[in-house]
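Take a look at the structure below.
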Number of protein chains: 2
Amino acid sequence: MSRPSPKWRRRKEARPGEIVAAALEVFAERGFAAARTDDIARRAGVSKGVIYLYFATKQDLFRAVVRDAVTPNLAVVEAAVAGVDLPFSSTARVMLSVLTEVMATSQLGSVAKMVIAESGNFPDLALIWHEDVVSRALGLAARHIEQAQAKGEVRPGDPRIHAFSLVGPVLTGVLWREVFAPVGVPSFDLKAIAEQHIETALEGLIP
Amino acid sequence: MSRPSPKWRRRKEARPGEIVAAALEVFAERGFAAARTDDIARRAGVSKGVIYLYFATKQDLFRAVVRDAVTPNLAVVEAAVAGVDLPFSSTARVMLSVLTEVMATSQLGSVAKMVIAESGNFPDLALIWHEDVVSRALGLAARHIEQAQAKGEVRPGDPRIHAFSLVGPVLTGVLWREVFAPVGVPSFDLKAIAEQHIETALEGLIP
DNA sequence: TCTTACTAACTGACCCGTCAGTTATTTCAT
DNA sequence: ATGAAATAACTGACGGGTCAGTTAGTAAGA
């Protein structure tokens, strides 16, 4: 009996990430107020006190969840269309399929739901989300649309509203999945929405 | 001084509606869990006990809020396009402008936000919302699109995804307003989005 | 043996739901 | 008509449960 396996291990470096991951799950399921720190701790495999070694308050933890989910995805879409100079139809296709891929594989959908839900209680988060994600993505799309309009490749009109026309259906599909999939309503395939919609957006519904 | 004005009046019929209206405000601002029944009561001009004369629990009140906000708006969009047999482009225009009008003037935007936020905690509400609102509206649009496809007026493709293409940008605009307007980010005019987008959806972005 | 990551029991604030008491309104007797 | 008795809408203080955050003590690791 050299060593009985310990009841727990000291893992200072791994804890914060594990706690944030567990918190994302619980916050996404229950919302901020109804999420219990005990549940988050249990799901992260630690006791509640550990949370408060790494995060000052539950609110801080929530902010960290949003930040960590957003940050790595920020650059992806931007990088995908940076510096390319293709016809607008190609650029638009790339933008929408990359956005769809990111929304489908990352946790951005859950986080978006959380930000929508808690915008009233966390105005600062709504602002950060706007500045770091929404306005950036919308601005990127609008800029490309504006350039294409200058070349006569896209019809006149507010380029930011054109951006809405482009991404709105996919975002609606993401929220559909977040809300209805857990209660058993069949979801739409995001990729199918994106692929059919990009044709509609470019060519119109009328043949 | 025949009668000193009373501290309160008995208004059995008016109370439930006033309480639901106040609850909608507070729930929309704070979310279900963070909303305090005391606040709702104060805003309705009654004491907290009155809430429990008319509603069994806070959850019941929440359900009543969602039901009452949905019910009167259900028929409006359906009525607008029932029995008409116009070219698809006209039908689509009517559908989208009526939907936009309803979303802009009613409380459906706030309620949608609440349902998104609390779908995890109130699966029954998510189901009701799906059956009574979303699936009905989507089915209505999809049916019209299908008929138009049969006449060759609309390109092939999943009619329900085509419906997403039609309404997605407006719904995105509604949520934008719900989330960002309270924190000072300028909103888009829903009508402007609808009017520009319907052209895009019908004719495409490419001239 | 000493440091510290971690546990688990604890505290205190908060808030839902209750209920004993209060007051507006109605009904009934005169 | 008029006041007294009955009814029921309403108030507001409080009990009790829940949960965020704290801390005394334990065990891992060096």
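Naming convention: chains lettered A, B, ... in sequence-line order (proteins, then strands); numbering from 1 in each chain. Excluded from the calculations below are hydrogen atoms, water molecules and symmetry mates; all remaining heavy atoms, backbone and side chain alike, are included.
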- Item | Nucleotide C:dA5, atom P - distance to CD of A:E18 in whole Å | 15 Å
- Query: Which heavy atom of A:I193 sits nearest a heavy atom of A:G173, and at what distance?
  - Reply: CD1-CA, 4.1 Å
- Message: Please list all pairs meeting ring pair (Phe, Tyr, Trp, His ring centres under 6.0 Å) that have one or both residues in residues 65-85 of chain A, counting only residues at least two apart or in different chains.
- Response: none
- Message: Nearest to the side chain of A:Y54, heavy atoms from C-beta on, is which of C:dA5, D:dT11, C:dT7?
- Response: C:dA5
- Message: Going by the rule ring pair (Phe, Tyr, Trp, His ring centres under 6.0 Å), which residues pair with A:H130 if we only count those two or more places apart in sequence or in a different chain?
- Response: B:W176, B:F180
- What's the CZ-P distance between B:R11 and C:dT25, to the nearest Å? 11 Å
- Task: Side-chain contact test, heavy atoms from C-beta onward, threshold under 4.5 Å: evaluate it for B:R160 versus B:L138 and give yes or no.
- Result: yes
- Query: So which pairs with a foot in residues 27-37 of chain B pass salt bridge (Lys or Arg N to Asp or Glu O under 4.0 Å), sequence neighbours left out?
  - Reply: B:E29-B:R43, B:R36-B:D39
Distances for protein N/O vs nucleotides 2-8 of chain D N/O pairs under 3.5 angstrom?
residue	atom	partner	partner atom	Å
D:dA8	O4'	B:R10	NH2	3.0

- Query: Whole Å only: how far is the NZ atom of A:K7 from the P atom of C:dT7?
  - Reply: 11 Å
- Mind listing the residues from residues 62-69 of chain A sitting with a heavy atom below 4.0 Å of DNA chain D? Number order is fine. none
- Base, sugar-phosphate, or nothing for A:I51, non-hydrogen atoms under 4.0 angstrom? nothing
- Between C1' of D:dA20 and CG of A:L61, the distance in whole Å: 12 Å
- Message: Please tell me if B:R9 has a side-chain N or O lying less than 4.0 Å from either OP1 or OP2 of D:dA9.
- Response: no
- Residues B:H144 and B:T91: side-chain donor-acceptor under 3.5 angstrom: no
- Task: To the nearest Å, give me how far apart CD1 (B:I19) and C1' (D:dT11) are.
- Result: 13 Å
- Message: Please enumerate all residues that pass ring pair (Phe, Tyr, Trp, His ring centres under 6.0 Å) together with B:W129, with sequence neighbours excluded.
- Response: none
- Note on the structure: Side-chain contact check for B:V50: nearest option of D:dT11, C:dC6, C:dA24 is D:dT11
Close N/O contacts between protein and nucleotides 13-18 of chain C (under 3.5 Å):
residue	atom	partner	partner atom	Å
C:dC16	OP1	B:A35	O	3.1
C:dC16	OP1	B:K58	NZ	3.4
C:dC16	OP2	B:T37	N	3.2
C:dC16	OP2	B:T37	OG1	2.7
C:dG17	OP2	B:Y52	OH	2.6
C:dG17	OP2	B:K58	N	3.0
C:dG17	N7	B:K48	NZ	3.0
C:dG17	O6	B:K48	NZ	2.6

- Note on the structure: Taking five pairs at each terminus, the helix from C:dT1-D:dA30 to C:dT30-D:dA1 shows an axis bend, to 10°, of 10°
- Who are the side chain to side chain donor-acceptor pair (under 3.5 Å) partners of B:R11, not counting sequence neighbours? B:E18
- Any residue meeting ring pair (Phe, Tyr, Trp, His ring centres under 6.0 Å) with B:F122, in chain and number order, not counting sequence neighbours: B:F32, B:F62
- Message: For B:Y54, give me all partners under ring pair (Phe, Tyr, Trp, His ring centres under 6.0 Å), at least two apart in sequence or on another chain.
- Response: none
- Query: For the side chain of B:P6, counting heavy atoms from C-beta on, which of C:dA24, C:dT7, D:dT11 is nearest?
  - Reply: C:dA24
- Nearest-Å distance for atom pair CZ/P, residues B:R42 and D:dC10: 18 Å
- Message: Can you give me the closest heavy-atom contact between B:V179 and A:S119, atom names plus distance?
- Response: CG1-CB, 3.8 Å
- Message: Pairing donors with acceptors under 3.5 angstrom, does anything connect the side chains of A:R143 and A:Q147?
- Response: no
- Just grab all the side-chain hydrogen bond (donor to acceptor under 3.5 Å, both in side chains) pairs involving residues 93-106 of chain A, residues at least two apart or on different chains. A:R93-A:E199
- Message: Minimum heavy-atom separation for B:V115 and B:A126, please, with both atom names.
- Response: CG1-CA, 4.4 Å
